[in-house]
Amino acid sequence: MKNVFHLILICLFLFISIFPINADETTVRFTDQTQAAKINFRHNNGASDHRYLPETMGSGCLFFDYDNDGNLDIFLVNSGKTCANPSKHRTNPDEMNVLYRNNGDGTFTDVTKHSGFEKNYGFGMGCISADYDNDGDADLYLTNYGSNQLYRNNGDGTFSDVTTQASVGDSRWSVSASFGDFNLDGYLDLYVVNYLDYQIETAHPCILEGVHIYCGPHEYPGAQDTLYQNNGDGTFTDVTKIAGVENEGKGLGVLFTDYNDDGKPDIFVANDAVEDFLYHNNGDGTFKDVAVSAGIAYNSEGRATASMGIANGDYDNDGLLDLFVTNFSLEVNSLFHNDGDGFYTMTTFETGLAEPSFSQLGFGTQFLDADNNGTLDLFVANGHVWDNVAEITPSLSYKQKCQFFANMEEGKFTDISETVGEFFTHPVVARGTAIADYDTDGDMDILISCCGGNPVLLRNDNQVNNNWLKIELVGNTSNRDGIGSKVIVRTGDITQIKEVTSGGSYASGSEFSLLFGLGTYSDMISIEVKWISGQLHKLNNISVNQVIRIEEIR
């Protein structure tokens with residue numbers, strides 16, 4: 001009997017060695033709540049036999065609290081029945097952008113009709129939100145194929161279109177945008193990435209192996225991005241040339257982020273099929289592109305990638321913010337490790353993220369700690385841009401499954417998509433992605449927009465009771481949202497850092513509050529806030545499982 005017992009132990013050990021048990025496979029769970037939440041929006045991408053390129057690129061989504069009731073609301077961007085006339089107003093119900101108010105009980109109500117969004121301009125692409133005028137409520141900026149729009153929140157549940165007065169109606173093909181205070185004056189500036197110089201009148205068909213496909217970025221010249229400086233009086237000034245960010249990239253993603261931790265917001269731009277930009281903030285109102293010397297302009301093979309979305313986070317808890325960029329199918333996504341000396345190293349292969357992404361085409365992406373264990377996991381929204389790609393490459397598909405990668409620590413990720421929820425077994429044409437704790441239960445949920453389809457709201461139903469802490473910043477000297485500020489949370493031997501950012505993930509925006517997973521740690525916590533204004537705020541003896549609202553000292 002003793003020998004039999006020993007044999008059983010040996011067999012069990014060998015089984016575990018060959019097939020390691022992954023705790024995250026049984027603890028991370030997401031449940032599709034779209035219908036239960038009463039979200040019945042459907043994106044209209046205006047698909048036509050012409051295969052105009054804007055038809056396949058949209059659209060974005062947003063979590064923001066527009067009515068200041070403490071519940072995260074949802075904004076969904078529509079594109080339209082056709083992109084052939086981007087200057088025409090969209091007024092048909094099936095072409096409208098939609099605002100959903102969070103009822104606080106897991107459901108949402110469509111409040112678009114009387115909110116000030118009765119007319120949509122252009123062919124919709126993306127959306128971000130921030131309090132650009134520091135009046136205490138969330139405003140809204142929309143990017144379009146056609147003129148962009150800025151909506152000021154009136155504080156009574158309605159918005160006013162102030163695009164003309166604010167001078168931010170960029171008429172080029174804009175996809176993503178990001179708010180950030182690059183000159184540290186307390187007002188949020190705005191960077192808009194423009195994609196291609198693409199005109200319907202001169203658009204030509206693209207044929208690959210006898211198949212009519214949507215053209216790629218190589219067929220058209222890039223469009224110049226725009227940097228708007230906030231004047232502090234409700235208006236903006238185009239400072240693109242003066243600031244040294246004049247370019248003709250092919251931008252799809254952008255993020256203000258202080259990559260070198262010198263207290264000045266820099267700008268990372270993800271470009272399609274040309275080198276990415278990393279604009280170092282010189283501190284005098286100008287920038288210098290250092291992407292090549294920093295090792296982030298190209299992938300590890302020295303090639304430009306079809307960069308789409310951006311995720312920003314410290315995946316290995318070394319105190320430095322890393323960058324993840326989604327790319328085209330048959331090229332792997334790019335995880336750039338911040339080495340802390342002004343340089344990045346691409347670690348996609350070492351971390352296990354290369355092979356799972358090779359056949360996928362990624363758009364929106366987010367770092368999030370799904371099970372609150374103190375390490376950042378990774379979500380990637382996938383979907384091809386060619387609706388007939390299988391005719392060219394049978395191994396690829398237009399609809400693709402989204403992916404969820406569990407952080408196994410020690411710099412490794414594992415694809416656990418098949419075990420985290422039924423949604424991940426169904427292919428979709430995913431584009432924008434946003435995260436927020438929309439049901440206020442202490443974990444991050446996911447919102448996904450789909451080109452020509454229905455959005456998906458995934459509720460985080462993780463199977464563990466790890467502790468957490470959510471931190472909401474309110475700026476005074478800094479901008480009201482605290483964008484650009486960094487928060488450091490220390491729990492025993494573990495230190496986590498997060499930055500308040502606007503935009504990043506493809507054409508979308510997420511909650512500004514920062515949620516830290518604490519695992520089983522339950523002792524008193526210390527918090528350090530590095531405000532973008534330069535102020536340093538320290539708090540000690542903070543208890544777990546609560547929302548902390550930290551206001552900057554005047």
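Atom CG of D258 sits about 12.0 Å away from atom CD1 of I267, to the nearest 0.5 Å. Between the CG atom in N382 and the OG atom in S329 there is a gap of 10.0 Å [rounded to 0.5 Å]. Here S115 contributes atom OG and D67 contributes atom CG; the two are 11.5 Å apart, rounded to the nearest 0.5 Å. Once rounded to the nearest 0.5 Å, the distance linking NZ of K250 with OH of Y198 reads 13.5 Å. A distance of 12.0 Å separates CD in Q403 from CD1 in I416, rounded to the nearest 0.5 Å. Between the CG atom of N78 and the CE atom of M96 there is a distance of 9.0 Å, given to the nearest 0.5 Å.
More than 12 non-hydrogen atoms from other residues, nucleotides or ligands lie less than 6.0 angstrom from CG of D233. A 6.0 Å sphere centred on CG of N68 holds more than 12 heavy atoms belonging to other residues, nucleotides or ligands.
Under the 6.0 Å cut-off for aromatic ring centres, Y100 and F41 do not qualify, their centroids lying 6.0 Å or more apart.
In this structure, N271 contributes its side chain and G251 its backbone to a donor-acceptor pair below 3.5 Å. Judged by distance alone, the side chain of N102 and the main-chain N or O of L72 form a donor-acceptor pair under 3.5 Å. The backbone N or O of T433 sits less than 3.5 Å from a side-chain atom of Q366, completing a donor-acceptor pair. Of the possible polar contacts, none joining the T226 side chain to the V192 backbone as a donor-acceptor pair under 3.5 Å is found. No side-chain donor-acceptor contact under 3.5 Å links S478 to the backbone of G186. Using a distance-only test at 3.5 Å, with no hydrogens or angles considered, no donor-acceptor pair links the side chain of S176 to the main chain of Y506. Under a 3.5 Å cut-off, the side chain of N467 and the backbone N or O of L518 do not form any donor-acceptor pair. Within the 3.5 Å criterion, the main-chain N or O of H212 finds a donor-acceptor partner in the side chain of N388. D189 places a side-chain N or O within 3.5 Å of a backbone atom of F182 that can act as its donor or acceptor partner. Judged by distance alone, the side chain of T112 and the main-chain N or O of L99 form a donor-acceptor pair under 3.5 Å.
Under the 4.5 Å side-chain criterion, counting only non-hydrogen atoms from C-beta, I483 is not in contact with F256. Considering only heavy atoms from C-beta on, T235 stays 4.5 Å or farther from S167 through its side chain. A heavy-atom distance below 4.5 Å is not found between the side chains of W386 and L396. Using a 4.5 Å cut-off on side-chain heavy atoms (C-beta onward), P86 and N144 make no contact. Counting heavy atoms from C-beta on, the side chains of L469 and Q546 come closer than 4.5 Å. In this structure, the side chains of N45 and T56 stay at 4.5 Å or more apart for every pair of heavy atoms. A 4.5 Å side-chain heavy-atom check between Y132 and Y141 finds every atom pair outside the cut-off. Using a 4.5 Å heavy-atom threshold, the side chains of P427 and Y398 count as separate.
Contact detail for I310 and L255: the closest heavy-atom pair is CD1-N, 4.2 Å. The nearest pair of heavy atoms linking E499 to N312 is OE1-ND2, 3.2 Å. Here the closest non-hydrogen pair linking R90 and Y121 is NH2-O, 3.6 Å. Taking each heavy atom of L473 and G482 in turn, the nearest pair found is CD1-O, 4.4 Å. In terms of heavy-atom proximity, A270 sits nearest to S307 at CB-CB, 3.5 Å. The minimum heavy-atom distance linking A436 with E511 is given by the pair CA-OE1, 3.3 Å.
Residues D314 and Q496 bring no donor and acceptor atom of their side chains to less than 3.5 Å of each other. R29 and N462 form no side-chain donor-acceptor contact under 3.5 Å, judged by distance and modelled atom types alone. A donor-acceptor pair shorter than 3.5 Å cannot be found between the side chains of N44 and S79. Side-chain contact annotation: T240 with Q224, donor-acceptor N/O pair under 3.5 Å absent.
With sequence neighbours excluded, no residue forms a ring pair (Phe, Tyr, Trp, His ring centres under 6.0 Å) with Y191.
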Take I527 and I550, measure what side chain to side chain contact (heavy atoms under 4.5 Å, CB included) needs, and give me the verdict at the end. CA-CA 10 Å; I527 301 172; I550 303 175; 4.3 Å; yes

Please walk me through it: do R549 and E472 pass salt bridge (charged side-chain N to carboxylate O under 4.0 Å, His left out)? CA-CA 5 Å; R549 191 171 192 262; E472 176 187 347; 3.5 Å; yes

Full working for side chain to side chain donor-acceptor pair (under 3.5 Å) between E95 and N120: CA-CA 8 Å; E95 297 182 287; N120 292 168; over 6 Å; no

Report the C-alpha distance between Y151 and F117 in whole Å, list the side-chain angles of each, state the deciding distance to 0.1 Å, and finish with yes or no for ring pair (Phe, Tyr, Trp, His ring centres under 6.0 Å). CA-CA 9 Å; Y151 285 96; F117 302 117; 4.8 Å; yes

Could you walk me through whether S449 and H43 satisfy the side chain to side chain donor-acceptor pair (under 3.5 Å) test, starting with their C-alpha distance in whole Å, then the side-chain angles of each, then the deciding distance to 0.1 Å, before giving a yes or no? CA-CA 8 Å; S449 64; H43 176 249; over 6 Å; no

I'd like to know whether V474 forms a side chain to side chain contact (heavy atoms under 4.5 Å, CB included) with R480, so could you lay out the CA-CA distance, the side-chain angles of the two residues, the decisive distance to 0.1 Å, and finally the verdict. CA-CA 5 Å; V474 180; R480 182 76 176 180; 3.6 Å; yes

One pair to check against side chain to side chain contact (heavy atoms under 4.5 Å, CB included): F63 and S510. What are the steps and the verdict? CA-CA 5 Å; F63 277 119; S510 297; 5.6 Å; no

Under the criterion side chain to side chain donor-acceptor pair (under 3.5 Å), I'd like the reasoning laid out for D181 against N479: C-alpha separation, chi angles, the key distance, then a yes or no. CA-CA 8 Å; D181 183 8; N479 64 86; 4.8 Å; no

Please evaluate residues Q229 and N231 with respect to the criterion side chain to side chain donor-acceptor pair (under 3.5 Å), reporting the C-alpha separation (whole Å), side-chain torsions for both, the decisive distance (0.1 Å), and the verdict. CA-CA 6 Å; Q229 180 176 304; N231 300 320; 4.6 Å; no

Salt bridge (charged side-chain N to carboxylate O under 4.0 Å, His left out) evaluation trace for D387 with R51: CA-CA 10 Å; D387 56 346; R51 287 191 167 85; 3.1 Å; yes

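Only one option out of F423, F404, F379 pairs with F30 in a ring-ring contact (aromatic ring centres under 6.0 Å, His included); it is F404.
For a disulfide, the SG atoms of both cysteines must be under 2.5 angstrom apart; this holds for C215 and C206.
Using the six-membered ring where Trp is involved, F64 and F75 have ring planes that are perpendicular, over 60° apart on the 30 and 60° scheme. Ring orientation note: the planes of Y66 and F159 are tilted relative to one another, at an angle of 30° to 60°.
Listed by first and then second residue, the salt bridge (Lys or Arg N to Asp or Glu O under 4.0 Å) pairs involving residues 129-148 amount to none (not counting sequence neighbours).
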